[in-house]
There are 2 protein chains.
Amino acid sequence: MRMNEGVEWAAHVCVLLHWAEEGGDAPVPATRLAAAYDLPTAYLVKQLQALGRAGLTESVPGRRGGVRLARPAARITLMDVVAAIEGPDDAFACTEIRRQGMNAERPARDFAQPCGVAHAMREAELAWRRALAATSIADLAGSTPAGRAADARRFLAAP
Amino acid sequence: MRMNEGVEWAAHVCVLLHWAEEGGDAPVPATRLAAAYDLPTAYLVKQLQALGRAGLTESVPGRRGGVRLARPAARITLMDVVAAIEGPDDAFACTEIRRQGMNAERPARDFAQPCGVAHAMREAELAWRRALAATSIADLAGSTPAGRAADARRFLAAP
DNA sequence: GCTTTCTTACTCGGATACCTACTGTCCGAGTGGAATAGG
DNA sequence: CCTATTCCACTCGGACAGTAGGTATCCGAGTAAGAAAGC
């Protein structure tokens with residue numbers, strides 16, 4: 001069970017976009033974002049499109065276009081970013097194997113209650129989601145050393 | 001990010017092994033376990049081997065051999081099962097992209113503190129692990145309707 | 001009757017094939033600001 | 001000087017190839033219980 005690399009990219013890029021917003025340099029073109037962390041541009045664009053579909057970012061077409069956050073960084077959580085990139089599905093998918101084999105003859109109503117394994121897995125994932133939802137992009141930006149944040153703003157503002 | 005199907009299998013199989021233990025029918029051959037839920041035997045054996053390597057189950061070779069739990073079901077948690085099948089690695093793997101691109105010139109000591117994204121992800125995974133560790137195989141067995149548990153014991157005891 | 005051998009029913013580990021999903025690249029279409037050309 | 005056209009820099013979406021890992025199967029080697037054979 002490995003998470004998409006795109007999640008890491010997207011999280012860092014959202015922090016960059018927050019800094020750009022503060023510096024008055026929004027929107028930022030994808031090529032510049034890719035250069036900031038030396039990422040393959042074409043593939044990063046794919047992740048940015050996923051963020052856009054999820055409503056986290058807005059894209060401005062045209063000559064001085066680019067990408068910017070669709071709402072304040074304090075109201076975008078890591079959970080939002082993970083959900084945007086990974087999709088809405090749970091990691092654990094119950095396939096109801098309990099109905100097969102020795103239980104194949106049982107009527108469906110015997111399995112009205114959710115499987116205990118699936119229930120416990122779901123609870124654990126909810127705990128995970130709650131923890132992710134507790135950290136916002138603004139929190140991440142705030143925990144970065146001031147020197148690096150200033151340099152990032154400078155990099156994004158440069159022509 | 002999808003979890004291995006083997007996790008579901010392994011969890012249900014551990015519950016079966018617990019019932020077999022109670023009924024005095026341990027060890028249980030893999031073929032019987034596979035038949036209980038109509039799973040492909042050869043592939044289930046692979047998952048059982050992973051459980052064995054993790055120390056959750058013991059296998060008895062030879063004619064009336066099979067697999068049994070290595071310790072009481074109350075002391076085997078869902079976390080143990082997930083770790084055995086999925087491996088010990090975290091789902092989120094930080095690749096330190098913050099060191100590249102615009103920060104490529106910085107000395108390594110500038111990044112002594114862990115990346116904020118990685119830290120938040122790690123905290124969330126710990127919450128997930130804690131939740132999984134709160135449910136034991138015995139809990140899962142206890143939450144199954146008595147009728148199905150009895151039938152399972154009968155199935156495992158049958159020649 | 002006792003010991004030895006054989007058969008049988010298991011597990012274990014590696015090798016292999018297939019398929020899905022992630023990773024990465026490329027191309028054409030659409031959009032809007034800025035520069036340029038024409039009146 | 002004002003308007004219309006062209007150009008350029010950007011986004012979007014789909015198509016495509018390569019690769020890693022999950023899914024699934026098969027085979028040979030090892031082990032022990034019970035049956036069979038020999039003394």
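Protein chains get the first letters and strands the later ones, always in sequence-line order, with residue 1 at the start of each.
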So with a 6.0 Å cut-off around CZ of R153(A), is the heavy-atom count from everything else above 12?
yes
Check for a donor-acceptor pair, side chain of D151(A) on one end and backbone N or O of R148(A) on the other, with a separation under 3.5 Å.
no
Spacing between L48(A) atom CG and dT11(D) atom C1', to the nearest angstrom
10 Å
Take atom CD1 of I85(B) and atom C1' of dA24(D), then tell me their distance rounded to the nearest Å.
15 Å
Taken to the nearest whole Å, CZ/R68(A) to P/dC10(D) is 16 Å
d(CE, M3(A); P, dG21(D)) in whole Å:
16 Å
Pairwise 5' ranking along DNA chain C for S59(B) and R64(A), keeping only the more 5' one:
S59(B)
Rounded interatomic separation in angstrom, taking CH2 from W9(B) and C1' from dT23(D)
8 Å
Test of understanding: clusters of I, L, V, M, F, W, Y form through side-chain heavy atoms closer than 4.5 Å, transitively. Do L140(A) and F111(B) belong to the same one?
no
Without placing hydrogens or testing angles, list every side-chain donor-acceptor pair under 3.5 Å for residues 122-129 of chain A, not counting sequence neighbours.
unit_1	atom_1	unit_2	atom_2	d
R122(A)	NH1	D90(A)	OD2	2.4
E125(A)	OE1	A91(A)	N	3.2
E125(A)	OE2	A91(A)	N	3.0
E125(A)	OE2	F92(A)	N	2.9
R129(A)	NH1	D90(A)	OD1	3.4

Would you mind reading off the distance between D38(B) atom CG and dA24(D) atom C1', rounded to a whole angstrom?
15 Å
Does anyone know the first and last nucleotide of DNA chain C in reach of chain B, 5' to 3', at under 4.0 angstrom to a heavy atom?
dT8(C) to dC22(C)
If we ignore hydrogens and angles and just use 3.5 Å, is the side chain of E86(B) paired with the main-chain N or O of V81(B) as donor and acceptor?
no
Within residues 39-47 of chain B, those residues having any heavy atom closer than 4.0 Å to DNA chain D are P40(B), A42(B), Y43(B), K46(B)
I want to confirm an ordering. Mapping R53(A) and G62(B) to their closest nucleotides on DNA chain D, which one lands closer to the 5' end?
R53(A)
Sub-4.5 Å side-chain heavy-atom contact between L16(A) and L156(A):
yes
Using whole Å, what does the distance between atom C1' of nucleotide dG13(D) and atom CG of L51(A) come to?
16 Å
In whole angstroms, the gap separating P of dT19(D) from CD of E5(A) amounts to 16 Å
For the pair R71(B) (side chain) and R75(B) (backbone), establish whether a donor and an acceptor sit closer than 3.5 Å, ignoring hydrogens and angles.
yes
Applying salt bridge (Lys or Arg N to Asp or Glu O under 4.0 Å), run through R68(B) and E21(B) and close with a yes or a no.
CA-CA 8 Å; R68(B) 70 166 156 237; E21(B) 204 99 19; 5.4 Å; no
State whether the side chain of Q47(A) and the backbone N or O of W9(A) hold a donor-acceptor pair below 3.5 Å, judged by distance alone.
no
